[in-house]
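All values reported here derive from a predicted model rather than from experimental measurement. Read the numbers this way: they start at 1 and go in the same order the structure lists the ligands and their atoms.
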Amino acid sequence: MALIEIKNFKKSFQGHDVHKDINLSIFSGECLGIIGGSGVGKSVLLKSLIGLIKPDDGQVLFKNQDITKLNEDELVEVRKKIAYVFQNGALFDSLSVYENLAYPLKEHTMMTEQDIYQKIYKTLDEFGVLNAINKYPAELSGGMQKRVGLARSIIMDPEVILYDEPTAGLDPYNTKIIQETIIKLKNKNVTSIFVTHDMPSAFAVCDRIAFLNQGVVAAVSDVKEITNNNDNEISAFAKGLRP
Ligand SMILES: Nc1ncnc2c1ncn2[C@@H]1O[C@H](COP(=O)(O)OP(=O)(O)O)[C@@H](O)[C@H]1O
Ligand SMILES: [Mg+2]
């Protein structure tokens, strides 16, 4: 059974039909890549999975619960289980790295200050950014900000992580670290959805890839099949043969 099911999802903005009829299942423990041209609605779709955007029609089922019907309090619970990694890291500029990571733990758990410290220390260490613990976001490089943003997203041990172009604008070193992190989390049975333009990273981390085009899921494919099949719509897109 699917962990997340998107059914007959429709969304338009100012008369522009972005999503006409999206149907997509995401299975527990997999990493599903979502690719497609700019403005095709990848970010809108991700945001709708945590109720930041409501569809005009259709359902988004998480463990059979339709999250499009939930109120803000219920969505807070969903967002503990489904983490969204924003494109820019979305750290609080006025808080140190430690305070940024401590924030969700203080807000949503009964953990002691000492347990919080240990958890943050361990997480930052895993992401190779322990030396940033007392720094402020503005003092960090773009790559480090992304890694800290990712560390904050997973600090609540989510079941699902939504990545919105996590490697965009990163150098090869930081790209590799992000890829390794996603694989590491996948090995812990975290389910991931990976929106990207970065095809090498998609091939490195995804089990399946869905290609969005003209408001629908134009193709879904096993990653292994894409590399074997030159006629595949997704590989054509990836190779720049389609807009
Ligand atoms: N909050 C919003 N208000 C109006 N239009 C929006 C909003 N969010 C997204 N859009 C429009 O929806 C389309 C898809 O956007 P988006 O999901 O950001 O695309 P992408 O696939 O590049 O992530 C774009 O045309 C964008 O302008
Ligand atoms: Mg986007």
Side-chain angles (χ1 to χ4, degrees), residues 4-26 31-60 62 67-72 75 78-79 82-91 142-143 145-147 149-150 152-153 160-170 174-175 178-179 182 191-206 208-221 226 233-243:
I4 298 174
E5 247 181 297
I6 303 171
K7 285 185 169 173
N8 306 116
F9 183 102
K10 298 181 180 62
K11 181 73 186 172
S12 58
F13 293 103
Q14 288 105 31
H16 169 49
D17 294 339
V18 175
H19 294 300
K20 292 177 186 151
D21 189 12
I22 300 283
N23 292 282
L24 196 56
S25 298
I26 297 101
C31 178
L32 175 75
I34 297 182
I35 63 170
S38 269
V40 80
K42 302 181 295 298
S43 297
V44 167
L45 197 60
L46 276 196
K47 286 174 186 161
S48 75
L49 297 183
I50 52 166
L52 286 177
I53 289 182
K54 294 232 189 276
D56 301 328
D57 200 4
Q59 294 179 309
V60 176
F62 173 55
I67 71 149
T68 68
K69 301 278 189 294
L70 302 183
N71 64 32
E72 276 305 312
L75 285 173
V78 169
R79 289 174 194 148
I82 306 182
Y84 189 114
V85 182
F86 285 88
Q87 235 159 326
N88 53 8
L91 297 169
Q145 282 184 16
K146 283 228 170 160
R147 281 149 66 185
L150 189 49
R152 193 185 56 178
S153 302
V160 182
I161 307 182
L162 312 176
Y163 300 95
D164 199 348
E165 303 199 28
T167 59
L170 289 187
N174 278 294
T175 298
I178 299 282
Q179 287 177 5
I182 294 171
T191 305
S192 0
I193 303 182
F194 184 79
V195 163
T196 194
H197 281 294
D198 169 9
M199 292 312 296
S201 287
F203 286 130
V205 305
C206 296
R208 293 189 303 146
I209 295 186
F211 172 49
L212 294 192
N213 196 20
Q214 299 188 348
V216 299
V217 178
V220 188
S221 178
I226 295 173
E233 269 192 282
I234 297 172
S235 64
F237 174 83
K239 288 178 191 151
L241 302 175
R242 277 162 204 252

Next item on the list: Search all heavy atoms of Asp56 against all heavy atoms of Ser12 and return the closest pair with its distance.
Entry: OD2-N, 2.7 Å

Item checked: 4.5 Å side-chain heavy-atom contact, Ile35 and Leu212 -> no

Check: What are the two closest heavy atoms between Asp164 and Val195, and how far apart are they?
Finding: OD1-CG1, 3.5 Å

Margin query: As an exercise, identify every atom of ligand 1 less than 4.0 angstrom from a heavy atom of Val18.
Written below: 12 (O), 13 (C), 14 (C)

Notebook entry, point to check: In the protein, what heavy atom is nearest to atom 14 (C) of ligand 1, and what distance, to one decimal place, separates them?
Noted result: Gly39 O, 3.3 Å

Next item on the list: Starting from atom 18 (O) of ligand 1, find the nearest protein heavy-atom neighbour and note its residue, name and distance.
Entry: Ser43 CB, 3.7 Å

Notebook entry, point to check: Do protein heavy atoms approach atom 27 (O) of ligand 1 to less than 4.0 Å?
Noted result: no

Notebook entry, point to check: Between the Mg ion (ligand 2) and Ser43, is there an N, O or S atom separated by less than 2.8 Å?
Noted result: yes

Notebook entry, point to check: Is Lys42 in polar range of ligand 1, meaning some N or O pair under 3.5 Å apart?
Noted result: yes

Margin query: If the threshold is 4.0 Å, N to carboxylate O, is there a salt bridge linking Arg79 and Glu72?
Written below: yes

Checklist line | Protein contact to atom 17 (O) of ligand 1 [nearest heavy atom, distance to 0.1 Å] | finding: Val44 N, 2.9 Å

Next item on the list: Please say which of Ile178, Leu150, Asp198 ends up in a side chain to side chain contact (heavy atoms under 4.5 Å, CB included) with Pro166.
Entry: Ile178

Next item on the list: Could you find the nearest protein heavy atom to atom 4 (C) of ligand 1 and give me its residue, atom name and distance?
Entry: Phe13 CD2, 3.3 Å

Note to self: As an exercise, identify every atom of ligand 1 less than 4.0 angstrom from a heavy atom of Gly41.
What the structure shows: 14 (C), 16 (P), 17 (O), 19 (O), 20 (P), 21 (O)

Notebook entry, point to check: Does some non-hydrogen atom of the protein lie less than 4.0 angstrom from atom 9 (C) of ligand 1?
Noted result: yes

Check: Regarding Lys11 and the six-membered ring of Phe9, is the cationic atom NZ or CZ under 6.0 Å from the ring centre and inside 45° of its axis?
Finding: no

Check: Looking just at side-chain N and O atoms, do Ser201 and Gln179 make a donor-acceptor pair shorter than 3.5 Å?
Finding: yes

Item checked: Sub-4.5 Å side-chain heavy-atom contact between Ser153 and Tyr84 -> no

Item checked: Residue Ser38 vicinity, atoms of ligand 1 by number, heavy atom under 4.0 Å -> 22 (O)

